[in-house]
Amino acid sequence: DLIVNDLDKLKKGRFVSDNPVDFKKFGLAPFRAALVLHWQDGKQDSLLLGNKNLDSTQVFFRKSGSHDVYLIPISLLTNMSKSLYDLRDKSVIKFNRDEISRLLIETNQQTFSCARNSVQDWRLEYPINERCDQDKINDIFAKRESAKISEFIAEKPSDLSGYGLQTPGLSIALFD
C-alpha cells in the first residue's frame with residue numbers, strides 16, 4: 001500500500017537535467033532501483049531511481065526511455081527497498097469472527113468442540129454439553145486474529161517432521 005500510495009501521489013519534483021552526459025553521477029547508470037508498471041492495456045513503464053540528493057530527502061529519478069532527470073521524495077525508494085519478508089502478509093490466519101459457527105481445539109491429551117448458539121453465546125459440544133466461558137472464547141479469537149508470523153522458515157517443506165508438525169501439540173480449526 002505504501003508503494004501504491006507513493007505512486008499515486010508521485011509528481012515530478014525539481015527538474016535536474018534534460019540530457020545528462022553521464023547518468024552515473026545521478027546513480028542512474030546503473031540505477032539503484034527500478035519499478036516496472038504493467039498497465040491494463042499491455043503497455044509498461046519503468047521508473048528508475050538513483051542516488052539520494054545531498055540532504056538525503058530526495059532521490060534522482062527518470063522514466064525509462066527519457067533522458068529527463070528529476071528529484072522526487074525519497075519515500076518511494078525507501079518503500080521499494082523493503083525485503084520480501086517486509087512485503088509479505090504475516091497474518092497467521094484471516095477470518096471474520098462473526099462468521100465462525102464452530103471451534104475445534106485438539107491437543108495431545110484432549111479434544112474440545114464448541115458451537116455458537118447466538119452472537120455471544122458459545123456452548124461446549126464435546127466432551128460435554130455445557131455453556132462455554134465467553135471470555136476464554138473471545139481470548140482464543142483475539143489471539144488468533146492478532147497472531148503474526150515472525151519468520152518464514154521454508155516455503156514448501158517436503159518433510160514436516162523436523163518442525164514437529166507431523167503430530168502438532170495444538171490444533172485449532174475454525175468453521176464458518
### Task
Could you give me the CA-CA distance, side-chain angles and deciding distance for Trp122 and Ile100, then say whether side chain to side chain contact (heavy atoms under 4.5 Å, CB included) is met?
CA-CA 11 Å; Trp122 284 84; Ile100 303 301; 3.9 Å; yes

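- In the displayed structure, Asp176 atom CG is contacted under 6.0 Å by at most 12 heavy atoms of other residues, nucleotides or ligands.
- Asn53 places a side-chain N or O within 3.5 Å of a backbone atom of Gln58 that can act as its donor or acceptor partner.
- Annotation: cation-pi pair Arg88/Phe152 present, NZ/CZ under 6.0 Å from the ring centroid and within 45° of its normal.
- Taking CG of Asn96 as the reference point, atom CZ of Phe141 lies at 10.0 Å (rounded to 0.5 Å).
- For the pair Ala33 and Leu77, the tightest heavy-atom approach, listed with the atom from each and the gap, is CB-CD1, 3.8 Å.
- The shortest non-hydrogen separation linking Asp41 to Lys43 is OD1-N, 3.0 Å.
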### Query
How far apart are the C-alpha atoms of Leu47 and Leu37, what are their side-chain angles, what is the distance that settles it, and do they pass the side chain to side chain contact (heavy atoms under 4.5 Å, CB included) test?
CA-CA 8 Å; Leu47 308 178; Leu37 305 171; 4.0 Å; yes

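- The distance from the CZ atom of Phe61 to the CD1 atom of Ile74 is 14.5 Å, given to the nearest 0.5 Å.
- Between the side chain of Asn138 and the main chain of Asp135, no donor-acceptor pair closer than 3.5 Å is present.
- Under a hydrophobic clustering in which Ile, Leu, Val, Met, Phe, Trp and Tyr are joined whenever their side-chain heavy atoms come within less than 4.5 Å, directly or via other members, Leu160 and Ile153 fall into the same cluster.
- Looking at heavy atoms from C-beta onward, Val59 lies out of side-chain contact with Leu71 at the 4.5 angstrom threshold.
- When side chains are defined from C-beta on, Val92 does not count as touching Arg144, because their heavy atoms never get closer than 4.5 Å.
- In this structure, CD1 on Ile72 lies 11.5 Å from OG1 on Thr57, to the nearest 0.5 angstrom.
- The hydrophobic cluster around Leu104 extends to Phe175, counting ILVMFWY residues whose side-chain heavy atoms fall within less than 4.5 Å of a member.
- Side-chain contact between Asp89 and Lys94: present, with at least one pair of heavy atoms (C-beta onward) separated by less than 4.5 Å.
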### Task
In sequence, state the C-alpha distance, the side-chain angles, and the governing distance for Thr111 and Ile105, and then conclude on side chain to side chain contact (heavy atoms under 4.5 Å, CB included).
CA-CA 6 Å; Thr111 298; Ile105 302 171; over 6 Å; no

### Task
Tell me, with the steps shown, if Ile172 and Ile93 meet side chain to side chain contact (heavy atoms under 4.5 Å, CB included).
CA-CA 11 Å; Ile172 299 175; Ile93 184 171; over 6 Å; no

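- The minimum heavy-atom distance between Ser64 and Asp45, with the atom names listed, is OG-C, 4.4 Å.
- The distance from the SG atom of Cys132 to the CZ atom of Phe112 is 10.0 Å, given to the nearest 0.5 Å.
- A distance of 13.5 Å separates CZ of Arg32 from CG of Leu48, quoted to the nearest 0.5 Å.
- Here Ser46 contributes atom OG and Leu35 contributes atom CG; the two are 8.0 Å apart, rounded to the nearest 0.5 Å.
- Side-chain atoms of Asp121 and Gln134, non-hydrogen and from C-beta on, do get closer than 4.5 Å to each other.
- When every heavy atom of Ile137 is checked against every heavy atom of Cys114, the shortest pair comes out as CD1-SG, 4.1 Å.
- Ring geometry for Phe23 versus His67: interplanar angle under 30°, hence parallel rather than tilted (30 to 60°).
- For Tyr126, the OH atom is loosely surrounded, since the number of other residues' heavy atoms within 6.0 Å does not exceed 12.
- Tracing side-chain contacts under 4.5 Å through hydrophobic residues (I, L, V, M, F, W, Y), one reaches Ile140 starting from Leu170; they form part of the same cluster.
- What you find for Glu145 and Phe95 is that their closest heavy atoms are CG-CZ, 3.4 Å.
- More than 12 heavy atoms of other shown residues, nucleotides or ligands fall within 6.0 angstrom of atom NZ in Lys90.
- Residues satisfying the salt bridge (Lys or Arg N to Asp or Glu O under 4.0 Å) test with Lys82, not counting sequence neighbours, are none.
- Stacking of Lys63 on the aromatic ring of Tyr70 is not recorded, the 6.0 Å distance cut-off and the 45° axial limit not both being met.
- Of all the heavy atoms in Leu28 and Leu49, the pair that sits closest is CD2-C, 3.7 Å.
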